[in-house]
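Reviewing the structure listed below.
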Amino acid sequence: MFRSRSAARPSMSVRTRFAPSPTGFLHIGGVRTALFNWLLARHHGGRFILRIDDTDQQRHVDRAVSLILDGFRWLGMDWDEGPEVGGEHGPYFQSQRGQLYQDAVQKLMAAGVVYRDYSTEAERAADKAAAEAEKRAYRFRRKPLTNAQLSQYEAEGRPFALRFEVPPGRTLVLDDQIKGRVEMKTDEVSDFVIVRPDGSPLYNFASVVDDAEMRITHVVRAEEHLSNTFPQLLLFEALGYPLPTFAHVPYVAAPGSKKKLSKRDGAVGLHEFINDGYLPEGMLNYLARLGWSYDDSSEIFSKAELIEKFTLDRVNSSPASHDPDKLYWIQGEWMKTADLDRKVRLTAPYIHHADAWTAYDRGRKDRKEYPASAEDQEILPFLREPAEVSDAEADRFKAVIEALGDRLKLASDIVKLARYFFTEELTYDPDAVKKRLKKEGVPEILADIEALLAEVEPFDLATLEDRIKSYAESRGEGIGKVVNAVRVATTGQGVGPGLYDCLVILGRESCIRRIAQTRRMLAESSS
RNA sequence: GGCCCCGUCGUCUAGAGGUUAGGACACAGGUCUUUCACACCUGUAACACGGGUUCGAAUCCCGUCGGGGUCGCCA
């Protein structure tokens, strides 16, 4: 495939931007595009700008903007100019940049490249229908108007949109950093509206004015904008703006498919991964590797390494599918690097709100429509504030987390993996009960172990291991049978940390109580 | 339908005329082991198809098929 060589602006400082429309929802595909912009800027020591594309007035919602900003903050993608931080090229909301657009309109009118379009929606609809019937593309072209008509329209104050008059017979060339050289004949480009009758600018126009006025040097955006680029090229030219470098990033496909990833494909919103307890490092690493590679073997990259190594020429020109398995694996690799204190802070909220978490998790899996509600786009309330953990509680968390080791991949995993350490209420996994407890001799073994635990001294790892092993030996029983029976009897679960770790953390009294309870349960179910 | 983009294991990718087509995730088997996870070893698995060009094609050209985008007074 064709790849352009690096951009021809070594002396100019790189400025990139991400321009979301304020819906509040951060699709991971969009986040990846933002990440590429951010990495490119940081790699070159340039600036990353955030701009809110809210030309469609009613779409501007404050909450939505803060949701977006929170997502960026969570990932550690800081912006040099934009909402909250300001900057020299503001304002950073399109809805507040009216004057800039008006000035640009004046320039275009003076240059004679725009005209008033008095067409009605009905007329355009008819033309479109006709084009479709003839199986050809719909292209708007200027309709000749007599002077009499014109002055009549003006006199009656008929509303008009402003359209750019696309010059015929030219070939537009785009040297895209990801897609390579792409050409488009102007005859394929419709005369496009730049300003609505109410004076508000349209995306293709506003975006060019903003990118130019904000001195954006590299426009890195979703592939769906590739064909938008050609009318934009015409605007850059007519306005006398220098052309930025363009790079169009392929879309993210659904898992195991080449179809574009959509909300129907499960978790696609950044907030969902935050809710699951993914680490920003893991998310960043995964997203960067989705469509980008450094060499033939590197997979794990820290933020600093990404900044150092990211270049556009290593971005793939074909779509990549989202791979939740790989994300989970990368996350696991990063979780291994988190220290104990951080893991405590990360996991505590899930234990403190285990029921709320379970309900959320289950509800999400059951839902048919997405999003089920507005709250569905939010970060879980108990994750928004730092968890309060007393010293004593922290000690227990530390013991549990150490025992869990690499089993803990997601912060929320603590609920399914270790909830029994934090509640005396035993919940049995039916499969584990069947496999480990409904066996010949298990009631006797449990009775013996219960007695053993009551008198073993000291109640520590080495002694427990020693005593239980010799017990199994004396009974002529495989150690596995004893260990697994005791595991299920004390934790209710078939899997977990090493048994002796579990026993020590639980403590003598709790172990005895649990085994007694399990023995009663077994006795009842067998009678 | 017109125009434009894309097509290497199931997935992420390496690959820029000559490779036993490499790595990773997932999967399968094994070692370790009290379960699971980790670690380690092994294995299954790909150049969409068809024509060219060339001594030689995953790499270049054309076509077909498939996927995507766009054809808005949405962004």
Side-chain angles (χ1 to χ4, degrees), chain A residues 1-3 19-21 23 53-56 59 94 117 119 121 124 128 131-132 134-140 159-163 174 176 178-180 182-185 187-190 192-198 200 202-204 206-207 222-230 248 250-251 253 255-260 286 289-300 316-330 332 336 404-409 417 432 435-436 465 468-469 472 478-488 493-500:
Chain A
M1 75 206 72
F2 183 91
R3 272 179 189 161
S21 68
T23 62
D53 275 12
D54 58 351
T55 52
D56 205 5
R59 277 168 98 155
Q94 284 190 331
D117 168 24
S119 71
E121 200 175 339
R124 294 193 302 271
K128 259 181 240 182
E132 194 162 331
E134 293 172 43
K135 292 192 179 283
R136 59 179 168 79
Y138 169 68
R139 308 247 178 274
F140 192 99
F160 60 87
L162 244 33
R163 274 191 200 260
L174 167 65
D176 193 275
I178 293 173
K179 297 292 186 179
V182 184
E183 295 185 0
M184 177 75 75
K185 291 188 170 48
D187 303 81
E188 301 289 347
V189 181
S190 198
F192 52 96
V193 175
I194 60 168
V195 178
R196 294 187 184 89
D198 70 0
S200 60
L202 271 91
Y203 171 79
N204 266 338
S207 148
E223 179 176 34
E224 64 191 276
H225 290 292
L226 188 58
S227 19
N228 277 331
T229 309
F230 296 97
H248 287 91
Y251 64 97
S257 133
K258 286 290 171 203
K259 303 247 184 230
K260 204 172 168 186
Y286 169 75
R289 279 287 290 109
L290 197 60
W292 172 85
S293 67
Y294 177 64
D295 56 21
D296 61 353
S297 55
S298 309
E299 298 288 348
I300 303 299
N316 229 326
S317 56
S318 57
S321 352
H322 169 45
D323 183 351
D325 286 331
K326 184 136 185 183
L327 166 60
Y328 190 65
W329 174 75
I330 289 178
K336 287 177 187 172
L404 245 22
D406 295 336
R407 295 172 187 84
L408 187 76
K409 294 208 166 73
L417 251 30
K435 188 172 173 195
R436 304 297 190 189
E465 175 164 4
I468 290 177
K469 273 189 175 157
I479 182 73
K481 183 166 183 180
V482 176
V483 162
N484 285 311
V486 176
R487 172 195 306 288
V488 181
Q493 306 299 307
V495 301
L499 178 70
Y500 311 114

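For clarity, every value in this text was computed on a predicted model and none was experimentally measured. Within every chain, numbering begins at 1; the chains are lettered A, B, ... in the order of the sequence lines, protein sequences first and strands thereafter.
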Could I get a table of every N or O pair under 3.5 Å where one atom is in the protein and the other is in nucleotides 20-30 of chain B?
{"unit_1": "B:G22", "atom_1": "N2", "unit_2": "A:D296", "atom_2": "O", "d": "3.1"}
{"unit_1": "B:G23", "atom_1": "N2", "unit_2": "A:E299", "atom_2": "OE2", "d": "3.1"}
{"unit_1": "B:C25", "atom_1": "O2'", "unit_2": "A:K326", "atom_2": "N", "d": "3.4"}

Using only side-chain N and O atoms of A:K185, determine if any of them is under 4.0 Å from OP1 or OP2 of B:C4.
no

Which residues satisfy the ring pair (Phe, Tyr, Trp, His ring centres under 6.0 Å) test with A:Y251, sequence neighbours excluded?
none

Which residues share a salt bridge (Lys or Arg N to Asp or Glu O under 4.0 Å) with A:D323, sequence neighbours left out
none

Heavy atoms under 4.0 Å, any strand shown: does A:N204 hit a base, just sugar-phosphate, or nothing?
nothing

Short side-chain N/O contact to B:A14 OP1/OP2 from A:N316, under 4.0 Å:
yes

Is A:K409 near enough to B:C38 that one of its side-chain N or O atoms lies under 4.0 angstrom from OP1 or OP2?
yes

Out of B:G67, B:C73, B:U35, whichever nucleotide has its closest atom nearest the side chain of A:K258
B:G67

In whole Å, I'd like the distance from the CZ atom of A:R163 to the C1' atom of B:G72.
9 Å

Under 4.0 Å between a side-chain N or O of A:R196 and OP1 or OP2 of B:C74?
yes

Over how many whole Å does the gap from A:L202 atom CG to B:U70 atom P extend?
16 Å

NZ/NE/NH1/NH2 to OD/OE distance under 4.0 Å, A:K128 and A:E132:
no

